[in-house]
Participant: 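Take a look at this one; I'll ask things after.
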Amino acid sequence: MSAEQHYPFTEIEAKWQARWRESRSMACDITDATDKFYCLMMFPYPSGDLHVGHGRNYIIGDVLARYLRMEGRNVLAPMGWDAFGLPAENAAIKNNVHPADWTTRNIARMKRQFSRWGIEYDWQREVTSCEPEYYRWTQWLFLQLFDAGLAVRKQADVNWCPSCKTVLANEQVVNGRCERCDSVVEDRSLMQWFFRITEYADRLLGDLDQLDHWPERVKTMQRNWIGRSAGARIDFELVSTGEKVPVFTTRPDTLWGCTYMVLAVEHPLVESIIARSASGGADLRAFVSRVKRLGREARGDAGLEKEGIATGEEVVNPVNGRRIPLWLANYVVMDYGTGAVMAVPAHDQRDFEFAKRYNLPIEEVVAPPPGVQGTLPGAAWQDAGVLVRSGPFDGQKSDEALPKVIDWLREHEAGDHTVSFRLRDWLISRQRYWGAPIPIIYCPDCGTVPVPEKDLPVRLPTLVDFRPVGDGRSPLATSGEFLHTSCPKCAGPAERDTDTMDTFVDSSWYFLRYVSPHDSERPFDPAVANRWLPVDQYIGGVEHAILHLMYARFITKVLHDRGWIAFKEPFARLFTQGMITKDGAKMSKNKGNVVPPDVLIERFGADTERVYTLFIGPPEKDAEWNDRAVEGAYKFLNRTWRLVHEHLDAVRAYAANPAAITGVEMGSVERGLRRKTHSCVQKMRRDLAEQLHFNTAISALMELVNDCGEALRAAEGAMSPGMRLAIGEALHHLILMLSPMAPHVCEELWEKVGRPGGILAARFPQADLSALTVDSVTLVVQVNGKIRGRLDMPAGAAEAEVKRQALALPAVEQQLGGTAPRKVFVVPDKLVNIVA
RNA sequence: GCGAGAGUGGCGGAAUUGGCAGACGCCCUGGAUUUAGGAUCCAGUGGGGGAAACCUCGUGCGGGUUCGAGUCCCGCCUCUCGCACCA
C-alpha cells in the first residue's frame, strides 16, 4: 500500500484526539439542564486490556453522544470504574501486586485505549468506586438502608464458594456453581448482612410495566427472577401437637383433593418430628442427611427422581377435617413458599409421580370437560375444570371457585390470600479484602452500632496480606488496628464488622454520583440529580439484565422513599448490545480468539474499526467478527476521503452559501442526487436517535457515496453550476452525518472544507423536503397484483389526478386487453395497482 | 414445561411497517489500468429457462385474509436466550 492510496489516518487520529483532549470536547455544563441528555454506558471493571468486543458498547455510546451534541442537546457522557471486587482482587493475587496498584495501572491503560478509539468522555466527572471519596458514600448508602430497617443481619445458610472463599448472592450462583470460577457452591451458616430487596418485590415487578423503552427480554428476565405467584396460605394442623403447619399453594381450589402433605428436609418441624418418632427416627435422620448432602446443584435438577419417607405423623385438612399422612421428600425446597406443600396428586404432576411411587391415594376433584381424559393413567389433570367431591363448591368452575375457597378459609381462620416470591433478600457481606468495609461496630454493651456519618469513610486498611482467610473470616479480621475500635455510643472497646460489601452495592448508585462527583458533603446534589435523571439512555451488556439492573432499581426506589430523589426508576431507556464473537465463541484469552484493537488501528485506523463495529449487524444482536469484512469499512472511508478531495471546491462553494442551491437550475440527475441526499438525512435521524440502527445508517451513507459516483458519471464530467452545488451539498452533508461514527476523518475533512472550529460546533443537517420534489416519477403498474408495466407520471399530482390519468392511459387499457379497469389503487410514492 | 426473540442468497444482513424481495457490505467472476503484484475504477453475482428483451419459481412448513403477504390471521417445525421439582 502506498501512501497516496489511503488517507493518512495515523496523523489525523493523533491530531484530533489531542485537540479533543485539550478542548475537553465532551465537558458538560451540568448547571444547564435544558435539552439535557444523560447518555450512560455501564462502567467497566478495570481488569485489563479491552478487545474489539468491549469496544462495541463504548463506540455505540460515543456515536450517540456525538450525534446528540450535533443536534444541540446538552449531553452528559461520563465514565468511571467499577474498581472493587473479585476479578480485580484475583488478578492482583495472581500477579503479586496490591489490588490498588493493579487497578490504577489498568485504569490508565484503559483510558488510553478509549482515547485511541476516539471515544470521548467528560473525564472531569470520572468516578472510581475503590477510592475513599466514592466508597464513603457507598457506606453512607448502607447506613440509609440500615436506618430504614432494610439492612439486617441474620444467621443464614449461605452460598459459599470454596475457591473464591467467600459468600455469594443467590444471583451469583448459576446451576449450583459460582458464577465467576465455576466451583460447586457449598452451604454454610454464617452471620451475614442482607438488604431486604424482597420488601420491594411487588414494586420492582409492577414498575417494569412503565419501562416502555427497555428490551422485552430484560423485563421478562426480571419478572422471572422476581417470580411472583399469587395464591393462598393454608394452615393444616399437626395431630400430635396441635401446631399449625402453613402451606403455600396457587391452587386452593384443589384443596379437597389433598391426600398427603410433604415437608422440605430443612423444615423447622423436622427435628421435633424425628425426636418423637416411635422408631427412634434413625431412618428419618438418614434420609434428611442424605438429601442435604446432595447439595444445591443436584436438588435443582428437575430430572432428579422423587424420593420421600413417611414421618408416621398426620396433619388435618382444615376444610374437611380429614387426617392425611405427613411425608418428607427431596422435591420440596425450604427456599420457596413455606417449605411445606399440600399434595394433590390428581392435579399436580409432581405430586402425581410421588403418589404413584409410594402408593398414596389419588383423588380427582377437578373434572375435565366432557370427552377429555382427565387424571390417570399417566398424568395429572392440571388445567381448570368443574369441581367435584369438594363439599360446598361442588359443580363450580375451578377457576371461579378459587377466590371463594380463599374467602372460606379466611372466614374459618384457616388461611388467607398470600403472594410468594422467588426473589430472595440480597446478601451483601463478602469475606474479602477488596471492597467497601461495612460501616458497623459491635459493642459488647450497645450491640450493633452503625458508624456515625461524620466518621465516614471507614477506610480500607492497606494490608500486607489481603488474601482470603478461608475459615469464614474476612482478611480484615487479621488487622488488629482495623478490628479494634471504640463504640460510638459508649466509647467502650468494640470491634468493627470485618466484611466488605458486594461490589454490586458500589454499582447500584454510581449513576447518581456523576452529577456531583466531587461533592464532599453529600453523595450527590438532589436538585441536580432530579434535573438530570433518570438516565435518558443506558447502554450495556445483557449479562447485567438481572443483577446490576435489579439492584440499581431497588436502590433508586429506596432513595426515593427516603426523600433523596423524586424519580422511581433510574434508567428511562435501556439498550443491551449484543456480543461480538470470534470463531463462534465469546472472545477470551483462554480461547485465544481475542481480536486486539491495536493491530487493527495501526493497519486501518480507529475510524475503520468504529465503522466496521457499527456496520457488523444490528447492535442488539450478537455478531461474528470478520477480519476481511473490516476492509469494506476501510474502503468506504477511503472512497469518501478521495471523493471529497476531488470535489473540495464544490463542497466549499456549497458551504459558503447553502441557500444558493435553491436558486440554481438543475436537471434530473442533479435533482435526483439532491433527493437522495435529503432522504439519507431523514433516514439517518431515525436510525441514529430513535432506533440505534447504526448498521443501516452506515449502509445509507455508503449508498450516498455510490450515488455521488453515479451522478458524476451520468454528468459525464460536465460540471454544471447545479451539479457542482448538488455534489457539494451531498458531500457536505455526508461529512456531517458520518462524523459521529468516524469522527477523526470527518473533523479533518470538515476543516479542509473551510469551516474550522470542529465538528462538535457543527449542526447535523436538516432534511429539506422541497429538495425531494421531481417532475415525474415512474409508476409501477400492477394488474391484479402482477407487475404489468411502467408508466411515467407527473410527480406531486394529487392521488385522484394520478388515478384519473391512469384510467385514461391507453397503455393501461392495453395491459387489460381492452377492458376498462374496475378499480385503481394508487399507493403513496410510486405504485399503481389496477383491478380488472 | 413456562416466558421472550428469531428463521430471507455462498456469508453478515436490508426492506420507509401490507406495495418492484435480496439495499449495503463480504466472498466470487469478468473487464479497465499496471512490467507485475497490490490498490483503484467499471460490470456481473437467489434458483431454473432464454442469444436477448423477458418468462418463471423463490423469504422454515401447511392453510387463510387481500387486487397485492417476508410483513397480517390460524395451525405446525426448527433454532437462540432466560426461568424452572416454585407447590
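Chain naming here is simple, since letters A, B, ... match the order of the sequence lines and numbering starts at 1 in each. Keep in mind the model is a prediction, meaning the values are calculated, not measured.
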Participant: Checking A:D253 now: which residues fulfil salt bridge (Lys or Arg N to Asp or Glu O under 4.0 Å) with it, not counting sequence neighbours?
Facilitator: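 Counting only residues at least two positions away or on another chain, A:D253 forms a salt bridge (Lys or Arg N to Asp or Glu O under 4.0 Å) with A:R251.
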
Participant: Between B:C41 and A:R639, is there an OP1 or OP2 to side-chain N/O distance shorter than 4.0 Å?
Facilitator: yes

Participant: Partner of B:C76 by Watson-Crick or G-U wobble geometry, both contacts under 3.5 Å, or none?
Facilitator: B:G60

Participant: For A:R56, give me all partners under salt bridge (Lys or Arg N to Asp or Glu O under 4.0 Å), at least two apart in sequence or on another chain.
Facilitator: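 Once residues adjacent in sequence are excluded, A:R56 has no partner under the salt bridge (Lys or Arg N to Asp or Glu O under 4.0 Å) criterion.
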
Participant: What's the gap between B:A69 and B:G82 when it is taken at their C1' atoms, as a whole Å value?
Facilitator: 32 Å

Participant: Which residues pass the ring pair (Phe, Tyr, Trp, His ring centres under 6.0 Å) test with A:F694, sequence neighbours left out?
Facilitator: none

Participant: Who does B:U66 pair with, Watson-Crick or G-U, both distances under 3.5 Å?
Facilitator: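 Checking every strand shown, B:U66 finds no partner, since no pair has both distances under 3.5 Å.
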
Participant: Side chains of A:D212 and A:W214: any donor to acceptor distance under 3.5 Å?
Facilitator: no

Participant: Quick one: which protein N/O atoms are closer than 3.5 Å to N/O atoms of nucleotides 9-15 of chain B? Pair and distance per line, please.
Facilitator:
from  : atom 1 : to     : atom 2 : distance (Å)
B:G12 : O2'    : A:I616 : O      : 2.8
B:A14 : OP1    : A:N695 : ND2    : 3.2

Participant: Can you see whether A:W225 has A:R422 sitting over its ring - NZ or CZ less than 6.0 Å from the centre and within 45° of the normal?
Facilitator: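 Geometry flag: set, cation within 6.0 Å and 45°.
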
Participant: Taking the nucleotide of RNA chain B with the nearest heavy atom to each, does A:A700 or A:D351 sit closer to the 5' end?
Facilitator: A:A700

Participant: Using the side-chain hydrogen bond (donor to acceptor under 3.5 Å, both in side chains) criterion, which residues pair with A:D202? Sequence neighbours excluded.
Facilitator: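 Result, side-chain hydrogen bond (donor to acceptor under 3.5 Å, both in side chains) vs A:D202: A:R228.
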
Participant: Expressed as a whole number of angstroms, how long is the span from A:D707:CG to B:A23:P?
Facilitator: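 For the pair A:D707 CG and B:A23 P, the rounded distance is 14 Å.
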
Participant: Expressed as a whole number of angstroms, how long is the span from A:L402:CG to B:A87:P?
Facilitator: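 Nearest whole value for this atom pair: 13 Å.
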
Participant: Could you give the distance separating B:C61 and B:C79 at their C1' atoms, to the nearest angstrom?
Facilitator: 15 Å

Participant: Would you indicate which nucleotide in B:A87, B:C26, B:G5 comes nearest to any side-chain atom of A:E216?
Facilitator: B:G5

Participant: Of the candidate nucleotides B:C85, B:G25, B:C28, which contains the atom at the shortest distance from the side chain of A:M702?
Facilitator: B:G25

Participant: What nucleotide, of B:C85, B:U16, B:G25, holds the atom closest to the side chain of A:Y331?
Facilitator: B:C85

Participant: Taking the P atom of each, how far is B:C72 from B:A4, in whole Å?
Facilitator: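 Nearest-Å result for B:C72 against B:A4 at atom P: 16 Å.
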
Participant: Any side-chain N or O of A:K635 under 4.0 Å from OP1/OP2 of B:C41?
Facilitator: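 The answer is no; no side-chain N or O of A:K635 sits under 4.0 Å from OP1 or OP2.
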
Participant: If a pair satisfies salt bridge (Lys or Arg N to Asp or Glu O under 4.0 Å) and one of its residues is in residues 614-625 of chain A, list it, with sequence neighbours excluded.
Facilitator: none

Participant: Distance check, P atoms only: B:A52 and B:G47, in whole angstrom units.
Facilitator: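 These two P atoms come out 15 Å apart once rounded.
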
Participant: Is the glycosidic torsion of B:G12 within 90° of 0, making it syn, or is it anti?
Facilitator: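 Glycosidic conformation of B:G12: anti.
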
Participant: Look through every strand shown and name the nucleotide pairing with B:G30 as Watson-Crick or G-U wobble, where both distances are under 3.5 Å.
Facilitator: B:C42

Participant: So which nucleotide does B:G25 pair with, by the Watson-Crick or G-U wobble rule with both distances under 3.5 Å?
Facilitator: B:C11

Participant: Quick one: A:Y634 OH to B:C24 P, roughly how many Å, whole number?
Facilitator: 23 Å

Participant: Identify the nucleotide, in any strand shown, that forms a Watson-Crick or G-U wobble pair with B:C83, with both distances under 3.5 Å; if there is none, say none.
Facilitator: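 B:C83 is paired with B:G1.
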
Participant: Taking CG from A:L263 and P from B:A87, how many angstroms apart are they, rounded to a whole number?
Facilitator: 18 Å

Participant: My understanding is that only residues two or more places apart in sequence, or in another chain, count here; which of them pass side-chain contact (heavy atoms from CB on, under 4.5 Å) with A:R233?
Facilitator: A:D235, A:P246, A:D416, A:T418

Participant: Say we look at B:C42 and B:A51: how far apart would their P atoms be, to the nearest angstrom?
Facilitator: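 Straight-line distance between the two P atoms is 30 Å.
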
Participant: May I ask you to verify if any side-chain N or O of A:R223 is less than 4.0 angstrom from the OP1 or OP2 atom of B:C83?
Facilitator: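 Answer no for this pair, as no side-chain N or O of A:R223 is under 4.0 Å from OP1 or OP2.
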
Participant: In whole angstrom, give the distance that lies between atom CD of A:E710 and atom P of B:A23.
Facilitator: 13 Å

Participant: For the residue pair A:D351 and A:Y331, confirm or rule out a side-chain donor-acceptor distance under 3.5 Å.
Facilitator: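 Distance-only check passes for A:D351 and A:Y331.
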
Participant: Under a 3.5 Å threshold, yes or no: a donor from one side chain and an acceptor from the other, between A:Y7 and A:H645?
Facilitator: no

Participant: What's the gap between B:C27 and B:C76 when it is taken at their C1' atoms, as a whole Å value?
Facilitator: 36 Å

Participant: For A:L637 and B:C24, give me the distance from atom CG to atom P, rounded to whole Å.
Facilitator: 17 Å

Participant: Shorter than 3.5 Å, N or O on both sides, protein versus nucleotides 80-82 of chain B: list them out with atom names.
Facilitator:
from  : atom 1 : to     : atom 2 : distance (Å)
B:G82 : N2     : A:N224 : ND2    : 3.3

Participant: To the nearest Å, give me how far apart CD (A:Q222) and P (B:A4) are.
Facilitator: 16 Å

Participant: It should be established whether A:S229 places a side-chain nitrogen or oxygen under 4.0 Å from OP1 or OP2 of nucleotide B:A87.
Facilitator: yes

Participant: Determine whether a donor-acceptor pair (N or O, by modelled atom type, separation under 3.5 Å) exists between the side chain of A:Q222 and the backbone of A:A545.
Facilitator: yes

Participant: Residues in salt bridge (Lys or Arg N to Asp or Glu O under 4.0 Å) with A:R223, at least two apart?
Facilitator: A:D209, A:E216

Participant: Could you give the distance separating B:G62 and B:G10 at their C1' atoms, to the nearest angstrom?
Facilitator: 29 Å

Participant: Map A:G227 and A:I698 onto RNA chain B by nearest heavy atom, then report which one ends up closer to the 5' terminus.
Facilitator: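 Here A:I698 is the residue nearer the 5' end.
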
Participant: Please state how far atom CZ in A:R233 lies from atom C1' in B:A87, giving the value in whole angstrom units.
Facilitator: 16 Å

Participant: When you check the glycosidic angle of B:U33, does it come out syn, meaning within 90° of 0, or anti?
Facilitator: anti

Participant: Is the phosphate of B:C41, meaning OP1 or OP2, less than 4.0 Å from a side-chain N or O of A:R713?
Facilitator: no

Participant: In whole Å, what separates the P atom of B:G18 from that of B:G70?
Facilitator: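 Approximately 13 Å lies between the P atom of B:G18 and that of B:G70.
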
